[in-house]
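Here the structure comes first, spelled out in structure tokens, and everything after it is commentary.
The figures here come from the full heavy-atom set of this structure, side chains too, leaving out hydrogens, waters and symmetry mates. Every chain is numbered from 1 and lettered A, B, ... according to where its sequence line falls, protein lines coming before strand lines.
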There are 2 protein chains.
Amino acid sequence: MSTIEDVAKLAGLSRTTVSRVINNHPYVSATKKKLVHEAMEQLGYVPNSSARSLRIQKTETVAVFIPRVMNPFFSQLIETLEMAAAARNYQLIVCQTQYSAKKELNYLNLLKTKQVDGVILASHENDWELIEPYLQYGPIVLCNEFDNKANVPMIYQDQVYGGYIATMHLIEQGNSLIGYCTGGHYSSVGTAREKGVKQALKEAGLCFEEKFAFRNVYNIEHGRQVFHWIKGMNERPTAIFTGSDEVAAGIISEAKKYRWNIPVDLAVIGFDNQAITEIVEPNITTVHQPVTEMAEKAMEVMYEKINSKDYKTKEIYQFPLKLIVRGSTVSNNLEKCSSIPKSIS
Amino acid sequence: MSTIEDVAKLAGLSRTTVSRVINNHPYVSATKKKLVHEAMEQLGYVPNSSARSLRIQKTETVAVFIPRVMNPFFSQLIETLEMAAAARNYQLIVCQTQYSAKKELNYLNLLKTKQVDGVILASHENDWELIEPYLQYGPIVLCNEFDNKANVPMIYQDQVYGGYIATMHLIEQGNSLIGYCTGGHYSSVGTAREKGVKQALKEAGLCFEEKFAFRNVYNIEHGRQVFHWIKGMNERPTAIFTGSDEVAAGIISEAKKYRWNIPVDLAVIGFDNQAITEIVEPNITTVHQPVTEMAEKAMEVMYEKINSKDYKTKEIYQFPLKLIVRGSTVSNNLEKCSSIPKSIS
DNA sequence: GTGAAAGCGCTAACAC
DNA sequence: GTGTTAGCGCTTTCAC
């Protein structure tokens with residue numbers, strides 16, 4: 001393992017000059033630059049990043065917190081974030097909190113110990129009061145989450161509107177008994193969607209029935225379960241908002257086993273617009289989230305914060321959601337003329 | 001940001017003693033230990049990891065190379081690897097090579113610059129000759145890949161056997177014209193499976209028809225395409241080995257649009273046993289890979305290599321694959337009595 | 001048991 | 001344009 005000193009010696013120059021060449025600083029003559037490059041080549045020299053990090057107080061690494069990778073929504077987020085990081089010569093450390101507040105706090109030490117330059121929270125389990133103190137060590141950016149108490153950049157989607165358009169669509173299809181599923185973990189996403197769902201119901205003169213609310217539901221298996229709960233009810237919903245394509249797929253898959261006709265016996269709407277929506281029969285009506293754009297923006301903002309040192313300002317970047325109508329809510333797959341407004345702000 | 005020096009001063013002790021306390025070294029009196037802990041607490045002190053890394057020449061971080069996160073197989077691998085890393089107080093950096101040999105080489109510099117202690121290759125695009133030199137900088141472990149030229153630990157699954165049992169199953173169901181799909185990227189996985197497929201065909205007195213081999217096929221959309229290719233053929237295969245549940249799902253989904261009866265008109269077998277296999281109708285027959293066990297073993301071996309400094313020894317850890325029979329290959333979903341051997345080594 | 005001091009490899013004042 | 005030098009914050013001999 002050769003060091004900058006070795007290179008300097010071999011080139012007959014000082015460490016400073018070598019360092020200047022490495023970091024592309026001006027004021028180095030072409031001759032010496034060449035000399036340095038030759039020496040580096042010959043020694044197979046590469047700067048040691050721990051030493052560099054220690055000196056410049058930057059690691060060029062950011063951490064992203066998610067509950068778990070296997071959730072397709074978060075896989076997609078990680079995929080895009082990694083590419084956005086790579087484009088800026090940054091590394092991405094993945095931290096799975098597994099919905100544990102304690103694990104989250106533990107991972108936040110990465111910021112405190114300066115192992116990462118910043119943290120992107122794509123989920124958070126702790127109250128903001130507990131997270132806030134870490135801001136003294138580096139920037140924290142919310143991505144896909146919103147927290148009113150947080151004075152940091154927040155890049156997210158208008159989930160209230162998402163819940164609203166999804167529910168409004170179900171109502172327009174003639175449903176008046178509408179079920180509702182939610183992940184149940186502490187998250188602004190679920191809360192916001194529920195708000196939108198309620199608003200749509202209210203505008204239609206319907207009410208949110210707690211008996212039709214299924215909580216702690218977030219994967220295929222849970223979806224199957226939900227179907228059985230519905231099946232066992234005396235009064236059943238005729239449509240259900242699931243908040244996730246996987247839950248929707250689970251419900252539909254199980255319903256078909258019992259020869260229910262989707263959407264006639266039960267209309268089902270997903271969320272995320274994952275690949276599975278076009279595999280399940282009927283295809284799943286869903287709400288598309290611009291994950292790629294959101295992730296790209298989050299990394300852009302993070303990069304900027306790292307270099308600006310101003311971490312404690314609230315900045316809002318809101319991305320739009322879009323309803324995608326498919327067969328799981330309408331018998332005829334054609335999108336109808338809709339009266340749903342473009343925004344409900 | 002307080003340093004070890006600040007703690008030492010506040011406690012009225014030397015840096016050495018503080019360091020000993022931090023690292024749980026022996027020979028520190030209980031009194032001083034308490035003093036140090038109090039000082040650390042009071043200052044909110046946490047050791048700086050760059051400084052520590054520079055000094056001990058370890059970062060407690062490993063990188064994992066995958067083509068991309070969105071592939072469910074790799075999502076699962078990342079998920080498990082991250083947990084295995086966290087259990088050992090290691091961080092995981094995700095590197096998406098996107099099937100690019102150049103990107104892969106670039107990411108390998110993480111090892112050279114000592115930004116990571118080791119690299120887990122879950123895919124590799126470059127010839128081993130090009131990767132091998134990086135071994136002088138730290139351990140490299142193959143996970144899910146096998147390379148005969150590589151003298152490093154390899155944790156993988158018997159893909160030859162996987163291709164074999166899948167194909168043998170199709171043959172047992174009475175198919176004699178069997179199609180074959182492969183991802184097509186430089187990978188031992190595809191090559192091994194093809195070998196297994198060919199061996200099964202040979203044993204059954206059938207031959208591998210190149211016209212039924214679809215290459216560069218690895219997602220749902222490709223699956224749909226494959227269906228159309230098959231549909232356009234004069235002589236069509238009656239069954240197809242896909243090498244991926246997503247491709248299988250794509251084929252089945254598209255076939256159903258054209259009212260083909262799966263498995264009667266076309267039997268389809270997937271690979272990986274992802275959640276989608278139980279959502280698609282009929283459910284997809286597939287080959288289960290013990291990803292969790294494999295990932296856990298890979299991290300265990302990596303951890304050991306990092307601490308042993310012996311990187312250049314070939315070690316083989318092979319995990320078994322298992323056929324899971326569902327409706328996409330047999331009209332009757334019950335698993336039949338099979339004559340497929342437990343191993344073909 | 002404890003402390004002084006060297007040094008991991010690098011960058012950036014500052015001097016020339 | 002180039003070199004000297006002082007640390008970044010930590011661990012670890014070595015001496016006491």
Side-chain angles (χ1 to χ4, degrees), chain A residues 1-37 39-40 43-61 109-117 137-138 307, chain B residues 1-37 39-40 43-61 109-117 137-138 307:
Chain A
M1 278 286 31
S2 50
T3 73
I4 199 171
E5 180 76 49
D6 301 330
V7 177
K9 255 185 211 145
L10 183 60
L13 294 164
S14 73
R15 265 153 50 202
T16 311
T17 308
V18 177
S19 174
R20 286 205 182 97
V21 172
I22 293 168
N23 297 291
N24 264 314
H25 283 209
Y27 310 126
V28 184
S29 69
T31 334
K32 315 247 155 156
K33 200 177 274 182
K34 186 150 166 277
L35 236 44
V36 170
H37 277 132
M40 292 202 301
L43 293 168
Y45 169 80
V46 177
N48 176 302
S49 53
S50 299
R52 183 154 201 277
S53 295
L54 175 59
R55 186 58 235 241
I56 67 174
Q57 305 280 35
K58 273 197 186 117
T59 56
E60 291 171 351
T61 302
N109 280 324
L110 289 173
L111 199 58
K112 205 170 175 182
T113 61
K114 294 266 153 226
Q115 207 169 346
V116 300
D117 292 342
Y137 306 111
N307 296 305
Chain B
M1 279 285 32
S2 50
T3 73
I4 198 170
E5 178 76 49
D6 302 328
V7 177
K9 258 187 209 144
L10 183 61
L13 294 165
S14 73
R15 265 151 52 203
T16 313
T17 308
V18 178
S19 174
R20 284 205 183 98
V21 173
I22 293 168
N23 297 290
N24 265 314
H25 284 206
Y27 308 126
V28 184
S29 68
T31 333
K32 315 245 155 159
K33 198 178 273 181
K34 186 152 167 275
L35 237 42
V36 169
H37 276 133
M40 292 203 300
L43 293 169
Y45 169 80
V46 177
N48 176 301
S49 52
S50 299
R52 184 157 201 276
S53 295
L54 175 59
R55 186 60 235 246
I56 68 174
Q57 305 280 36
K58 275 200 186 115
T59 57
E60 291 170 353
T61 301
N109 279 325
L110 289 174
L111 199 56
K112 206 170 173 182
T113 62
K114 294 267 154 221
Q115 207 169 346
V116 300
D117 293 342
Y137 306 112
N307 296 306

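Two residues, B:Ile56 and A:Pro26, neighbour DNA chain D, and the one matched to the more 5' nucleotide by heavy-atom proximity is A:Pro26.
Proximity note for A:Ile22 (side chain, C-beta onward) versus D:dG3, C:dT11, C:dG3: the nearest is C:dT11. The side chain of A:Asn23 lies closest to C:dT11 when the candidates are C:dC10, C:dT11, D:dC10. Picking from D:dC8, D:dG3, D:dT12 the nucleotide with the shortest atom distance to the side chain of B:Thr16 gives D:dT12. When distances run from any side-chain atom of A:Leu54 to the nucleotides D:dG9, C:dG3, D:dG3, the shortest one goes to D:dG9.
For B:Lys32, no side-chain nitrogen or oxygen approaches OP1 or OP2 of C:dG1 to under 4.0 Å. Side-chain nitrogen and oxygen atoms of A:Ser29 include at least one within less than 4.0 Å of the OP1 or OP2 phosphate oxygen of D:dT2. Within the structure, every side-chain polar atom (N or O) of A:Gln57 is placed at least 4.0 Å from both OP1 and OP2 of C:dT11. Taking side-chain N and O atoms only, B:Tyr45 has a distance below 4.0 Å to OP1 or OP2 of D:dC10. Phosphate proximity of C:dG3 to B:Ser14: present, with a side-chain N or O under 4.0 Å from OP1 or OP2.
Distance NZ (A:Lys9) to P (C:dG9): 12 Å, rounded to an integer number of Å. Rounded to whole Å, atom P of C:dG1 lies 10 Å from atom NZ of B:Lys33. Between B:Leu43 atom CG and D:dG9 atom C1' there is a gap of 15 Å when expressed in whole angstrom units. The CG atom of B:Asn24 sits 16 Å away from the C1' atom of C:dG1 (whole-angstrom rounding). In this structure, the CG atom of A:Asp6 is 9 Å from the P atom of C:dG9, given to the nearest Å. What separates CZ of A:Arg55 from P of C:dG9 is a distance of 16 Å, to the nearest Å. Rounded to whole angstrom, the span from the CD atom of B:Gln115 across to the C1' atom of C:dC10 amounts to 14 Å. For the pair A:Asn48 CG and C:dG7 P, the computed distance is 18 Å after rounding to whole Å.
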- Yes or no on side chain to side chain contact (heavy atoms under 4.5 Å, CB included) for B:Gln57 and A:Asn48, after CA distance, side-chain angles and deciding distance? CA-CA 10 Å; B:Gln57 305 280 36; A:Asn48 176 302; 4.1 Å; yes
- Message: Let's go through B:Thr3 and B:Arg15 carefully: what are the C-alpha distance in whole Å and the side-chain angles of both, what is the deciding distance for side chain to side chain contact (heavy atoms under 4.5 Å, CB included) to 0.1 Å, and is it a yes or a no?
- Response: CA-CA 10 Å; B:Thr3 73; B:Arg15 265 151 52 203; over 6 Å; no
- Message: Using side-chain hydrogen bond (donor to acceptor under 3.5 Å, both in side chains), reason through B:Ser50 and B:Ser53 one step at a time and then give a plain yes or no.
- Response: CA-CA 5 Å; B:Ser50 299; B:Ser53 295; over 6 Å; no
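Looking at heavy-atom distances under 4.0 Å, B:Ser19 makes contact with a base.
Residue-to-nucleotide contacts include no donor-acceptor pair under 3.5 Å from the side chain of A:Arg15 to the base of D:dT4. Between the base of D:dG3 and the side chain of A:Arg20 there is a donor-acceptor pair shorter than 3.5 Å.
Atom CG in A:Asn23 sits 8.0 Å away from atom CD1 in A:Ile56 (nearest 0.5 Å). Atom CD of residue B:Gln115 and atom OG1 of residue A:Thr61 lie 4.5 Å apart, to the nearest 0.5 angstrom.
The shortest distance between side-chain heavy atoms of B:Val46 and A:Tyr137 does not fall below 4.5 Å.
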